[in-house]
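All remarks here apply to the structure that follows.
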Amino acid sequence: MNPTTAASTTAAASPTAAASPAPRYFALIPAAGVGARMAAGGPKQYLPLAGQPMLRHTLNAFLGSALIAHTYVVVSADDPYIDALLPPSGVTVLRCGGATRMDSVRNALRALRDQVGDDDWVLVHDAARPGLTPALIAKLIAGVGTAAAGGLLALPVVDTVKRAAPGAAVGTVPRDGLWLAQTPQMFSYRLLTRALAAATDATLVTDDASAVEALGLSPVLVEGHPRNLKVTLPADVRIAEMYLADSSD
Ligand code: C5P
């Protein structure tokens, strides 16, 4: 039994018992992808960006946040790169990456069963978003507060959105109420585990919030920042480097 469960059982038995410990915040970074769209000749999370591997920038954001109790990074079992970029402390590597992002997160949650309480929060963040800052982490945590459905950083859509048939616009999608999901996305360990266990089609679960929404819940949207872009295509590298050179946001 984990410590949180034990604490709540005791509290229910005795009205004078101490309250449950305050929930903690853990970072979980899936970094077991191969980055096919980047065509970089290696996993994109290790590409050099502004003098450091992309993943190291991502880790630095969490290491710089006093709100984060510990950071976990998920890589594939045979990843040869991760050890060289680890900071001296504060990060634990889980070598249990799966075939899809969803599998990597699921495997990591299982591996953390004894370290993380059911009511603790897990902030899942893509390795390929190196522009995250401690300020954005704090904004997310404050914006979500104690919302049972958790929440995520996201940006309102500003462009006009087209639906395409191959090569041509066939319609315009009203952008009112449309947001682009970013990460981190934060949920209680209990909810995230339940949502990912219920998800059957990994192609539909491109982020963690979609698995939670499939349970009928509505995660809170907290406005993120363009600097938290996901480095996906070769052209994104220069934009990411521009933001990394600028710590004013
Ligand atoms: O490919 P994409 O950019 O959508 O991947 C998002 C994140 O999920 C990346 O950090 C990537 O390393 C991670 N991922 C993973 N396991 C996979 C596929 C992707 O951890 N099998």
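One-based numbering along the sequence shown.
One finds the CH2 atom of Trp121 at 7.0 Å from the OG1 atom of Thr146 (value rounded to the nearest 0.5 Å). A distance of 12.0 Å separates CG in Leu229 from CG in Leu180, rounded to the nearest 0.5 Å. Taking CG of Leu244 as the start and CD of Gln52 as the end, the distance is 9.0 Å to the nearest 0.5 Å. Rounding to the nearest 0.5 Å gives a distance of 9.0 Å between CG of Asn228 and CD1 of Ile137. Distance check, rounded to the nearest 0.5 Å: CG of Leu67 to CZ of Phe26 gives 13.0 Å. The distance from the CG atom of Leu63 to the NE2 atom of His70 is 9.0 Å, given to the nearest 0.5 Å.
Between Ser104 and Gly98, the shortest heavy-atom contact is OG-N, 2.9 Å. Counting all heavy atoms, side chain and backbone alike, Gly150 lies closest to Val144 at C-CG1, 3.7 Å. Nearest heavy-atom pair, Tyr243 versus Pro226, reported as atom, atom and distance to 0.1 Å: OH-CB, 3.4 Å. Contact record, Tyr189 with Leu109: OH-O, 2.7 Å, taken as the closest heavy-atom pair. The nearest pair of heavy atoms linking Glu241 to Ala50 is OE2-N, 2.8 Å. Of all heavy-atom pairs between Ala149 and Val212, the closest is O-CG1, 3.9 Å.
Using a distance-only test at 3.5 Å, with no hydrogens or angles considered, no donor-acceptor pair links the side chain of His225 to the main chain of Leu136. Remark: side-chain polar atoms of Gln185 are paired, donor with acceptor, to backbone N or O of Ala209 under 3.5 angstrom. With hydrogens and angles ignored, the 3.5 Å screen pairs no side-chain donor or acceptor of Asp119 with any backbone N or O of Pro23. Listed for the Asp159 side chain is no donor-acceptor partner under 3.5 Å among the backbone atoms of Val161. Side chain of Asp208 to main chain of Met186: no donor-acceptor pair is present (N/O by atom type, distance under 3.5 Å, no hydrogens or angles). Here the side chain of Arg106 pairs a donor or acceptor atom with the backbone of Leu196 at under 3.5 angstrom. Between the side chain of Gln45 and the backbone N or O of Ala31, at least one donor-acceptor pair lies under 3.5 Å. The backbone N or O of Asp246 lies less than 3.5 Å from a partner atom in the side chain of Arg227, making a donor-acceptor pair.
Put simply, the side chain of Gln182 reaches to within 4.5 Å of the side chain of Leu155, judged on heavy atoms. Contact check for Arg175 versus Thr160: side-chain heavy atoms found under the 4.5 Å cut-off. Residues Arg110 and Asn107 form a side-chain contact, since some pair of their non-hydrogen atoms from C-beta on lies under 4.5 Å apart. Looking at Leu59 and Leu85, their side chains come closer than 4.5 Å, going by heavy atoms from C-beta outward. Taking the side chain as every heavy atom from C-beta outward, Val105 and Val122 never approach each other to under 4.5 Å. You'll find the side chain of Tyr25 stays beyond 4.5 Å of the side chain of Ser65, heavy atoms only. Using a 4.5 Å heavy-atom threshold, the side chains of Thr183 and Leu152 count as separate. The shortest distance between side-chain heavy atoms of Leu153 and Leu132 falls below 4.5 Å.
In summary, Asp126 and Lys44 do not engage in a salt bridge, as defined by a charged side-chain N under 4.0 Å from a carboxylate O. Look at Lys230 and Asp236 and you find no salt bridge, because none of the NZ, NE, NH1 or NH2 atoms lies under 4.0 Å from a carboxylate O. Residues Asp118 and Arg113 are paired through a salt bridge, judged by an N-O separation under 4.0 Å between the basic side chain and the carboxylate.
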For this session: Begin from the C-alpha positions of Ile29 and Val91 and carry the test side-chain contact (heavy atoms from CB on, under 4.5 Å) through to its verdict.
Result: CA-CA 10 Å; Ile29 303 176; Val91 178; over 6 Å; no
For this session: For side-chain contact (heavy atoms from CB on, under 4.5 Å), just list the numbers for Leu123 and Ile141, CA-CA rounded to whole Å, side-chain angles, deciding distance to a tenth of an Å, and then say yes or no.
Result: CA-CA 9 Å; Leu123 281 74; Ile141 288 175; 4.2 Å; yes
Problem set entry | Worked verdict on His125 versus Thr58 for side-chain hydrogen bond (donor to acceptor under 3.5 Å, both in side chains) | CA-CA 9 Å; His125 182 67; Thr58 310; 5.1 Å; no
For this session: Start with the C-alpha gap between Asp79 and Ser76, add the side-chain angles, then the distance that decides, and say whether side-chain hydrogen bond (donor to acceptor under 3.5 Å, both in side chains) holds.
Result: CA-CA 5 Å; Asp79 182 301; Ser76 50; 4.6 Å; no
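With sequence neighbours excluded, the residues satisfying side-chain hydrogen bond (donor to acceptor under 3.5 Å, both in side chains) with Lys162 are Thr172.
Between Tyr46 and Tyr81, the ring-plane angle classifies as tilted under the 30° and 60° cut-offs.
Under the 4.5 angstrom side-chain criterion for Ile, Leu, Val, Met, Phe, Trp and Tyr, Val170 has no cluster partners at all.
Linking Ile, Leu, Val, Met, Phe, Trp and Tyr whenever their side-chain heavy atoms come within less than 4.5 Å puts Leu86 and Val75 in one cluster. Following chains of ILVMFWY side-chain contacts shorter than 4.5 Å, one can reach Met102 starting from Leu215, so the two form part of one hydrophobic cluster. With hydrophobic clusters built from ILVMFWY side chains whose heavy atoms lie under 4.5 angstrom apart, Leu55 shares a cluster with Val93.
Residue Arg95 places its CZ atom among more than 12 non-hydrogen atoms of other residues, nucleotides or ligands, all under 6.0 Å distant.
Asp207 and Ser210 share a donor-acceptor pair across their side chains, judged by distance under 3.5 Å alone.
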